Amino acid sequence: MSAPFTIAIDGPAAAGKGTISRAVAAHYGFEHLDTGLLYRAVGAKLLLGMDPIAAAQTLSADDLETDGLRSPEVAQAASKVAAIAAVRAALLDFQRSFARRAGGAVLDGRDIGTVICPEAEAKLFVTASPEVRADRRFAELSAQGTAISRAQVLADVKERDARDRSRAEAPLLPAKNAVEIDTSEMSIEAAIATAIAAIEARRR
């Protein structure tokens, strides 16, 4: 079995990091973890009245399959619980253990390259303009039948960006040695190809 190889992919909401991460994992045959789902699952429990720290400490794999984790309400709750130091600490070991599994792993989130896996062999920071990200998120929500205006989606994107970038614990920012990919004007195929090329440069 091959040695661990960790790929850390960070970036704001709807920049394309999830799509790129899944494609990269499939390309290399690595396991993939959307770390945002951990925080969404905790956020969903918060909305049900549970203490967020207790929710993080007792989180199970089944919680990641809960319906509605992609809703705007859960997204906002996830951003709020992610600012709580004790919540992040409770989820840290799970993420690090996943990252160093034999055979390789791809993790996407907001602090993978900076906090969770600072020693990752390859780091990417995937971004796009707030307007482009709002358009993508609005199209996704509309397809799901969610009644929300584009203006509200854009406001939510900007609010979440501000919260994620200004929080004291693990703020959203590129790792110093991360390759930045702006997908604003890129097709999905071009973004994935760019990501794989950047990772290949680190595998040589």
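Note that the coordinates shown come from a computational prediction; the quantities given were computed from them, not determined experimentally.
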*Is there a side-chain contact between Leu173 and Arg165, using heavy atoms and a 4.5 Å cut-off?*
no
*Quick one: closest heavy-atom pair of Phe98 and Val106, and the distance?*
CE2-O, 4.3 Å
*Are any of the side-chain nitrogens in Asp161 or Arg133 under 4.0 Å away from the carboxylate oxygens of its partner?*
yes
*Val24 versus Ile7: any side-chain heavy-atom pair under 4.5 Å?*
yes
*Considering all heavy atoms, the nearest Leu69-Ala41 contact*: CD2-CA, 3.9 Å
*Is the count of non-hydrogen atoms from other residues, nucleotides or ligands lying under 6.0 Å from Leu64 atom CG greater than 12?*
yes
*So how far is it from Ser129 OG to Glu185 CD, rounded to the nearest 0.5 Å?*
7.5 Å
*Are side-chain heavy atoms of Ile192 and His27 found at a separation under 4.5 Å?*
no
*Please round to the nearest 0.5 Å and tell me the distance separating atom CG of Leu154 and atom CG of Asp135.*
8.5 Å
*Answer with yes or no whether the hydrophobic clustering places Leu33 together with Phe125; edges join I, L, V, M, F, W, Y residues whose side-chain heavy atoms lie under 4.5 Å apart.*
no
*asked:* Assess whether a salt bridge exists between Asp164 and Arg110, defined as any Lys/Arg side-chain N lying under 4.0 Å from an Asp/Glu carboxylate O.
replied: yes
_Option passing side chain to side chain contact (heavy atoms under 4.5 Å, CB included) with Val126 (candidates Ile9, Asp182, Val179, Asp10)_ = Ile9
*Nearest atoms (heavy-atom pairs only) where Met186 meets Ala191*: SD-CA, 3.7 Å
*Output yes when a side-chain donor or acceptor of Thr183 lies under 3.5 Å from a complementary backbone atom of Ala15, and no otherwise.*
yes
_Please give the remaining members of the hydrophobic cluster of Val157, linking ILVMFWY side chains under 4.5 Å, ordered by chain and number._
Phe138, Leu141, Ile148, Val153
*What is the distance from atom CG of Leu91 to atom CD1 of Ile116, rounded to the nearest 0.5 Å?*
8.5 Å
*Counting heavy atoms not belonging to Gln144, are there more than 12 under 6.0 Å from its CD?*
yes
*Starting from the C-alpha separation in whole Å, work towards a yes-or-no answer on side chain to side chain contact (heavy atoms under 4.5 Å, CB included) for Arg88 and Val115.*
CA-CA 10 Å; Arg88 305 196 74 84; Val115 175; over 6 Å; no
*Just wondering, do Leu59 and Lys45 contact through their side chains at under 4.5 Å, heavy atoms?*
yes
*Spell out, as yes or no, whether a donor-acceptor pair under 3.5 Å connects the side chain of Ser79 to the backbone of Gln76.*
no
_Which heavy atom of Ala175 sits nearest to which heavy atom of Lys123, and what is that distance?_
CB-CD, 3.8 Å
*Have Thr19 and Arg136 got a donor and an acceptor in their side chains that come within less than 3.5 Å?*
no
*Do His32 and Asp108 pass the side chain to side chain contact (heavy atoms under 4.5 Å, CB included) test, and can you show the C-alpha distance, the side-chain angles, and the key distance before you say yes or no?*
CA-CA 8 Å; His32 169 243; Asp108 73 77; 2.6 Å; yes
*Which heavy-atom pair separates Lys17 from Pro12 by the least distance, and what is that distance?*
NZ-O, 3.2 Å
*Any side-chain heavy-atom pair from Lys80 and Arg167 closer than 4.5 angstrom?*
no
*Answer whether the closest heavy-atom distance between the side chains of Thr58 and Met50 falls below 4.5 Å.*
yes
*Go through the structure and list residues passing side-chain hydrogen bond (donor to acceptor under 3.5 Å, both in side chains) with Thr6, not counting sequence neighbours.*
Arg100
*For Tyr28, check ring-ring contact (aromatic ring centres under 6.0 Å, His included) against everything at least two apart and list the hits.*
Phe30
*Leu172-Ile112 co-clustered via ILVMFWY side chain contacts under 4.5 Å*: no
*Are Arg40 and Asp34 within salt-bridge range, i.e. N to O under 4.0 Å?*
no
_Ignoring hydrogens, what is the shortest heavy-atom contact between Ile53 and Ala86? Give both atom names and the distance._
CD1-CB, 3.6 Å
*Less than 4.0 Å between a side-chain N and a carboxylate O, is that true for Arg163 and Glu159?*
yes
*Measure the spacing between OG1 of Thr114 and NZ of Lys176 and express it to the nearest 0.5 Å.*
11.5 Å
*Same cluster for Phe5 and Leu107 if Ile/Leu/Val/Met/Phe/Trp/Tyr side chains link at under 4.5 Å?*
no
